[in-house]
Amino acid sequence: MSRIASDIDAFAKGEVFLGSSEHGYQVKAEIVPNSYSNIWNYGISISTPDRTYLFTCESEQERENWLSVFKKVISIPMTVREFADSLSTN
């Protein structure tokens with residue numbers, strides 16, 4: 001997953017590697033209190049073996065759509081190469 005600062009940016013500002021749940025990756029819905037302008041209250045936490053990231057969505061429906069996709073991704077077992085690559089980037 002890549003983070004882009006605005007719709008007109010050509011380059012990602014960062015990336016989060018999504019591995020499989022069998023290697024300690026987790027995704028869950030979060031409540032985000034006191035978020036900016038109270039429109040980004042629907043959070044998603046993505047936990048990796050090294051860190052937990054918090055992302056926010058504008059609506060519950062948007063969050064549910066993202067959760068569904070992320071859960072599908074982490075349910076797929078990693079290949080040996082993907083696992084080796086994830087270790088080399090830490």
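For reference, positions follow the sequence shown, starting with 1.
Here the closest non-hydrogen pair linking Glu62 and Glu58 is OE1-N, 2.9 Å. Contact between Glu22 and Met78 at its shortest, heavy atoms only, is OE2-N, 3.9 Å. Nearest heavy-atom pair, Arg63 versus Cys57, reported as atom, atom and distance to 0.1 Å: CA-SG, 3.7 Å. Nearest heavy-atom pair, Gly43 versus Leu54, reported as atom, atom and distance to 0.1 Å: CA-CD1, 4.4 Å. Pro77 and Ser20 make their closest contact through CA-CB, 4.0 Å (heavy atoms, listed as atom of the first residue, atom of the second, distance).
Applying the side chain to side chain contact (heavy atoms under 4.5 Å, CB included) rule to Ile74 yields the partners Ser21, Tyr25, Val27; only residues at least two apart in sequence or on another chain are considered. Applying the side chain to side chain donor-acceptor pair (under 3.5 Å) test to Thr52 and every residue at least two apart in sequence or in another chain returns Ser47. Shown here are the salt bridge (Lys or Arg N to Asp or Glu O under 4.0 Å) partners of Lys28, two or more places apart in sequence or in another chain: Glu30. In this structure, Ser75 has no side chain to side chain donor-acceptor pair (under 3.5 Å) partners at least two apart in sequence or on a different chain. By the salt bridge (Lys or Arg N to Asp or Glu O under 4.0 Å) test, Arg81 pairs with Asp85, sequence neighbours left out. Partners of Thr48 under the side chain to side chain donor-acceptor pair (under 3.5 Å) rule, at least two apart in sequence or in another chain, do not exist in this structure.
Annotation: Ile31, atom CD1; neighbour count of heavy atoms from other residues, nucleotides and ligands within 6.0 Å does not exceed 12.
Expressed to the nearest 0.5 Å, how far CD1 of Ile44 lies from CZ of Phe55 amounts to 8.5 Å. Distance check: Ile46 CD1 to Phe70 CZ gives 4.0 Å after rounding to the nearest 0.5 Å. Rounded to the nearest 0.5 angstrom, Lys71 NZ and Gln26 CD are separated by 10.5 Å.
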